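Below is one structure, written out as structure tokens; the observations come after it.
Chain letters run A, B, ... following the sequence lines, proteins first, then strands; residues in each count from 1. The structure displayed is predicted, hence computed values, not measured ones.
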There are 2 protein chains.
Amino acid sequence: MSRCEHCIARQLNSIRTLTKVELKRVSHCKTTKYYKKGAIIFDEGDALNGVFCVRDGIAKLTKLSPNGKDQTVKLLGKGELLGQRSVISNERSNLSAVALNDIELCYVPKDQTVDPLQNNQVFSFDVLQHLAKDLRHAENDLIDMAQKTVKQRLAQAIMYVDKTFYVDDSGHLNLILSREDYSNFVGTATESAIRIISQFKKDNLISTQGKRIKIENLEKLQRIE
Amino acid sequence: MSRCEHCIARQLNSIRTLTKVELKRVSHCKTTKYYKKGAIIFDEGDALNGVFCVRDGIAKLTKLSPNGKDQTVKLLGKGELLGQRSVISNERSNLSAVALNDIELCYVPKDQTVDPLQNNQVFSFDVLQHLAKDLRHAENDLIDMAQKTVKQRLAQAIMYVDKTFYVDDSGHLNLILSREDYSNFVGTATESAIRIISQFKKDNLISTQGKRIKIENLEKLQRIE
DNA sequence: CGGGTTGTTGACCAGCTTCAAGATTCGTGG
DNA sequence: CCACGAATCTTGAAGCTGGTCAACAACCCG
């Protein structure tokens, strides 16, 4: 079993502020889990007894709305944590987590996370700062959802995915979202997303080959009215 | 100057977990501020050097979107904190705070908040739990914004305001929002909000007298399709 | 090579926005 | 207390955006 001390993901989240002793304890009791593309990591309403850390792959957090549509709230890549909030507030999960490609996660039981949270000031403050930023993002996303057109949101989504998850030939992180994934993220009908993507293509803002979307004109994409 | 130790608002937020010594310190350096209805407490982009605690009155957090419309993100009543997030993450404010009626706030300088955050485990953990819940709310609001119709959102908004801020004849908290306030909260055009409110009235779900909206049939209001 | 999933396009329609005009209410100063 | 102007509310009509239904093409996978 690989040790947390050497995990690359360690650099990316609050875990880096744990003391050596705490880290060793985490390392000792963590388990590694694998999920296939499309697999459900946990479901809305599940009681979570621990936190997941993405070691490789990408997951999405979604919620099924009453009208039967899935709304994607967030995408999570290497080093990001799933289930942290539920564990902190001691509630059942508000969202479902689904693997977007084959994914490798480390699972750390609750105690090992909550314990340092109540005893290690540095860790606790770091987590606090992360949550504060997450909250700012959520608020801004809310505003975008309320005020921007589908076209604008879709352009943003395309740029976001490209910037955050696309890694070139050397790195093998090749996130390919279906049109439906995009529409769930943007909060629109699949056909609308498709139509807008077609138009972007026609306007030479992007090019596509199969599902893959490549940005051709970032400048203009940013300036979608 | 009244002392924090006896403030009613104290019971309502994380401040209750401060130690006596810390509380005394806060009490000593806090200042009370008054704002008239409509006054701007702080603006988007302002550097905040402290946290505000609502002692009496109601404030809203809003952001001006590029298309020139205000989006209301949250309403805050007695005991709630403004600016906490910005202070924690040490960023400029992401939102503007505006007084919805004449309001009385306590202003606590940064040090007095951040200091306990880094030294008082109980306080720190309590704030953490609050943020976690705020985040859950923000995510759910995002989903509502994406998936529900204007009519549903408006119904929710009316019920929320009524439940959270309406206090009967004895208590004098009489929050009266304009139609525009509602539309900014729901994220729609003012005329749309007006039209839908008219329809609610016609269907006997609510009654109105001037700006005031009174719920007549909560059951049905909850079941808006 | 089927069969299922995903992408694409057209047509139609409901919901919402916008512009515009008028009614009502509110606040302020005389 | 009234009068006036400003703000707010209300309603109508026109037009656009995006959602829905439907048909078909392309792709992927066993």
Between atom [atom1] in [X] and atom [atom2] in [N], what is the gap in whole Å?
| X | N | atom1 | atom2 | result |
| --- | --- | --- | --- | --- |
| A:Asn184 | C:dG7 | CG | C1' | 15 Å |
| A:Gln209 | C:dG7 | CD | C1' | 15 Å |
| B:Leu154 | C:dC16 | CG | P | 10 Å |
| B:Tyr182 | D:dT10 | OH | C1' | 17 Å |
| A:Gln199 | D:dC16 | CD | C1' | 14 Å |
| A:Ile194 | D:dA25 | CD1 | C1' | 12 Å |
| B:Asp181 | D:dT8 | CG | P | 9 Å |
| A:Lys202 | C:dT8 | NZ | C1' | 11 Å |

>> Please identify which of these residues, A:Leu61, A:Leu64, A:Leu95, meets the side-chain contact (heavy atoms from CB on, under 4.5 Å) condition with A:Glu44.
In response: A:Leu64
> Once you round to the nearest 0.5 Å, how far does CD1 of A:Ile88 lie from CD of A:Glu91?
Replying inline: 11.0 Å
With a 4.0 Å cutoff (strictly under), does any side-chain N or O of [X] reach OP1 or OP2 of [N]?
| X | N | result |
| --- | --- | --- |
| A:Ser198 | C:dT9 | yes |
| A:Ser178 | C:dT5 | no |
| A:Lys69 | D:dT20 | yes |

Side-chain donor-acceptor pair under 3.5 Å between [X] and [Y], yes or no?
| X | Y | value |
| --- | --- | --- |
| A:Gln147 | B:Lys63 | no |
| A:Ser89 | B:Lys133 | no |
| A:Ser65 | A:Gln71 | no |
| A:Lys69 | A:Asn184 | no |

Of all the nucleotides listed ([options]), which has the minimum atom distance to the side chain of [X]?
| X | options | result |
| --- | --- | --- |
| B:Ala189 | D:dG18, D:dC9, C:dT17 | C:dT17 |
| B:Lys201 | D:dG19, D:dT10, C:dT17 | D:dT10 |
| A:Thr188 | C:dC16, D:dT8, D:dG18 | D:dG18 |

> With distance as the sole criterion, do the side chain of B:Glu191 and the base of C:dC16 form a donor-acceptor contact below 3.5 Å?
Replying inline: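 Checked by distance alone, the answer is no.
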>> Any N or O donor-acceptor pair under 3.5 Å from the base of D:dG19 to the side chain of A:Arg195?
In response: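 A donor-acceptor contact between them is absent.
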>> Pair B:Thr188, B:Tyr182 - check side chain to side chain contact (heavy atoms under 4.5 Å, CB included), show working.
In response: CA-CA 9 Å; B:Thr188 191; B:Tyr182 277 106; over 6 Å; no
> Which part of the nucleic acid, if any, lies within contact of A:Thr190, taking any heavy atom under 4.0 Å across all strands shown: a base, the sugar-phosphate backbone alone, or nothing?
Replying inline: nothing
>> Base, sugar-phosphate or nothing for B:Ser192? Non-hydrogen atoms, less than 4.0 Å.
In response: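 Base, at least one base atom sits under 4.0 Å.
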> How large an angle, rounded to 10°, do the end axes of the helix from C:dC1-D:dG30 to C:dG30-D:dC1 enclose when each is built from five base pairs?
Replying inline: 50°
> Mapping B:Arg179 and A:Glu225 to their closest nucleotides on DNA chain D, which lands nearer the 5' end?
Replying inline: B:Arg179
> Can B:Arg85 and A:Glu139 be counted as an ion pair, charged N to O under 4.0 angstrom?
Replying inline: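 A:Glu139 and B:Arg85: salt-bridged.
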